[in-house]
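These notes concern the structure reproduced below.
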Amino acid sequence: MPEVTAARVPGTEPTDEPLVEIKDLRVHYRTTKGDVPAVNGVDLAIRRGEILGIAGESGSGKTTLAVALLRLLRPPGYVAGGEIVFRPRGSPPVDLLELDERRLRALRWKALSYLPQGSMNSMNPVMRVADQFRDVILEHRRDLRGDVDAMIRRLLRQVGLDKNVARMYPHELSGGMKQRVLMAISIALEPDLVVADEPTTALDVTIQRVILQSLGDLRDQFGVTLVVISHDMGVHAQLVDRVAVMYEGKVVEVGDVRQVFKRPQHPYTKSLIESIPKIGEAPWREEQRSRVP
């Protein structure tokens, strides 16, 4: 079992105050054979200041839950019912599912941000990195026009990138550099919530470590609330405070990450933890060799 080292930041520890409350959320996909439930009656609270992990195998509903929360769901998917109550700083609570496009657009990036899966395809290939920062920042804060270049340099530095990256095009960056650029964009306006969908996918293990450390630093520097979606239980062990386990569209277990790893309550959670490779175990082929006739 990997060592559980959930980040704890002085002064920004999680509170019991809910930032987001998901109530009986149901998301279906229309098919030629009828509707198929992908998220089936999820109830989940995201506490202000925490890093919440959402775990589960491919097809368990993790990403569908995230895109529904962010109102990025596209046909044939649709929200069949439920509520997503969001409490941004300095504003009254809102049900994200009830907002019109104008009000939703005002919240995006400024209060609610997204670190998408697959950084390779998430940036505009014909725009320099600095211009992609400006698009996000000036859309919401035109008063920062005179300070935006200094902001870009600071944001890049905070994710461990040189200021010269601002002049580059996406194809000039490695996968890890692109992911860190997207991280910097996602926190440019210091949102209340950042949803990171499989942030270490397709990265080698060295860069994965850098990305996880950078995600932990986001709460350290900004006190943002993070939702980290990953099928990799090792990622959750290293990073999150609490973990929610999804199986067949439902949340089957939620708890403190240390307690979940020490005493998992659901059989599926136990299977996920047992699937983590352990040092000293024989490779699969060696184990199976004696069984092959």
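Across every non-hydrogen atom of Gly41 and Asp24, the tightest pair is CA-OD1, 3.4 Å. For the pair Ser214 and Met183, the tightest heavy-atom approach, listed with the atom from each and the gap, is CB-CE, 3.2 Å. Nearest heavy atom pair, residue Gly61 against residue Val39, reads O-CG2, 3.8 Å.
Residues passing the salt bridge (Lys or Arg N to Asp or Glu O under 4.0 Å) test with Glu190: none are found, sequence neighbours excluded. A search for side-chain hydrogen bond (donor to acceptor under 3.5 Å, both in side chains) contacts involving Arg167 returns Asn164, not counting sequence neighbours. Every side-chain hydrogen bond (donor to acceptor under 3.5 Å, both in side chains) that Arg89 has, sequence neighbours left out, goes to Asp192. Residues passing the salt bridge (Lys or Arg N to Asp or Glu O under 4.0 Å) test with Arg141 are Asp143, sequence neighbours excluded.
Expressed to the nearest 0.5 Å, how far CG of Leu161 lies from CG of Leu173 amounts to 8.0 Å. For the atom pair CD of Glu198 and OG of Ser58, the computed distance is 7.0 Å after rounding to the nearest 0.5 Å. Atom CD of residue Glu253 and atom CG of residue Leu272 lie 10.0 Å apart, to the nearest 0.5 angstrom. Separating the CD1 atom in Ile46 from the CG atom in Leu69 is a distance of 5.5 Å, to the nearest 0.5 Å. Distance check: Ile229 CD1 to Leu65 CG gives 6.5 Å after rounding to the nearest 0.5 Å. With rounding to the nearest 0.5 Å, the separation of CH2 in Trp109 from CG in Leu189 is 9.0 Å.
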Inset, instruction - Evaluate the side chain to side chain contact (heavy atoms under 4.5 Å, CB included) criterion for residues Asp217 and Gln158: first the C-alpha distance (whole Å), next the side-chain angles of each, then the deciding distance (0.1 Å), finally the verdict. - result: CA-CA 9 Å; Asp217 289 344; Gln158 285 171 334; over 6 Å; no
Legend entry - side chain to side chain contact (heavy atoms under 4.5 Å, CB included) evaluation trace for Tyr114 with Leu72: CA-CA 10 Å; Tyr114 184 40; Leu72 295 174; 3.7 Å; yes
Legend entry - Intermediate values then yes/no, side chain to side chain contact (heavy atoms under 4.5 Å, CB included), Ile22 and Asp43: CA-CA 5 Å; Ile22 300 171; Asp43 293 293; over 6 Å; no
Inset, instruction - Go through the steps to decide whether Phe133 and Val148 satisfy the test side chain to side chain contact (heavy atoms under 4.5 Å, CB included), and finish with yes or no. - result: CA-CA 9 Å; Phe133 273 94; Val148 69; 5.8 Å; no
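Considering only heavy atoms from C-beta on, Met168 stays 4.5 Å or farther from Arg128 through its side chain. Between Ser113 and Ile187, the closest side-chain pair of non-hydrogen atoms is not below 4.5 Å. Residues Pro76 and Tyr78 have side chains not in contact (no heavy-atom distance under 4.5 Å, counting atoms from C-beta outward). Taking 4.5 Å as the limit, every side-chain heavy atom of Ile185 sits out of range of all side-chain heavy atoms of Leu115. Contact check for Val181 versus Val165: side-chain heavy atoms found under the 4.5 Å cut-off. With a 4.5 Å cut-off on side-chain heavy atoms, Leu156 and Ile152 count as touching. The closest side-chain heavy-atom distance from Leu112 to Pro191 is not below 4.5 Å. For the pair Val79 and Leu73, the minimum side-chain heavy-atom distance is below 4.5 Å.
Listed by first then second residue, pairs satisfying salt bridge (Lys or Arg N to Asp or Glu O under 4.0 Å) with a partner in residues 148-161 read Arg134-Asp149, not counting sequence neighbours. Among residues at least two apart or in separate chains, salt bridge (Lys or Arg N to Asp or Glu O under 4.0 Å) pairs with a member in residues 99-110 are Arg71-Glu101, Arg105-Glu139.
Note on Ile84 and Val227: same hydrophobic cluster, where clusters join Ile, Leu, Val, Met, Phe, Trp and Tyr whose side-chain heavy atoms are under 4.5 Å apart, directly or indirectly. Residues Val42 and Leu97 share a single hydrophobic cluster, defined by chaining ILVMFWY side chains whose heavy atoms lie under 4.5 Å apart. When the side chains of ILVMFWY residues are joined at heavy-atom separations under 4.5 Å, either directly or via intervening members, Leu70 and Leu19 end up in a single hydrophobic cluster. A continuous path of Ile, Leu, Val, Met, Phe, Trp and Tyr side chains, each step under 4.5 Å between heavy atoms, connects Val260 with Leu226, placing both in one hydrophobic cluster. Val67 and Val27 fall within a single hydrophobic cluster, where Ile, Leu, Val, Met, Phe, Trp and Tyr side chains are chained together by heavy-atom contacts under 4.5 Å.
One N or O on the side chain of Ser60 and one on the backbone of Glu57 form a donor-acceptor pair closer than 3.5 Å. When atom types are taken as modelled, the side chain of His28 and the backbone of Ala38 share no donor-acceptor pair closer than 3.5 angstrom. At distances below 3.5 Å, at least one donor-acceptor pair connects side-chain atoms of Gln132 with backbone N or O atoms of Asn124. When atom types are taken as modelled, the side chain of Thr200 and the backbone of Gln208 share no donor-acceptor pair closer than 3.5 angstrom. At distances below 3.5 Å, not a single donor-acceptor pair connects side-chain atoms of Glu98 with backbone N or O atoms of Asp95.
Looking at Glu21 and Arg87, a side-chain N of the basic residue comes within less than 4.0 Å of a carboxylate O on the acidic one, giving a salt bridge. In summary, Arg242 and Glu50 engage in a salt bridge, as defined by a charged side-chain N under 4.0 Å from a carboxylate O. A salt bridge between Asp241 and Arg219 is present, with a side-chain N of the basic residue lying under 4.0 Å from a carboxylate O of the acidic one.
In this structure, Tyr268 and His266 have perpendicular ring planes: the angle between them is above 60°, well past the 30° mark.
Arg263 and Gln259 share a donor-acceptor pair across their side chains, judged by distance under 3.5 Å alone. Side chains of Tyr247 and Thr269: no donor on one and acceptor on the other come within 3.5 Å.
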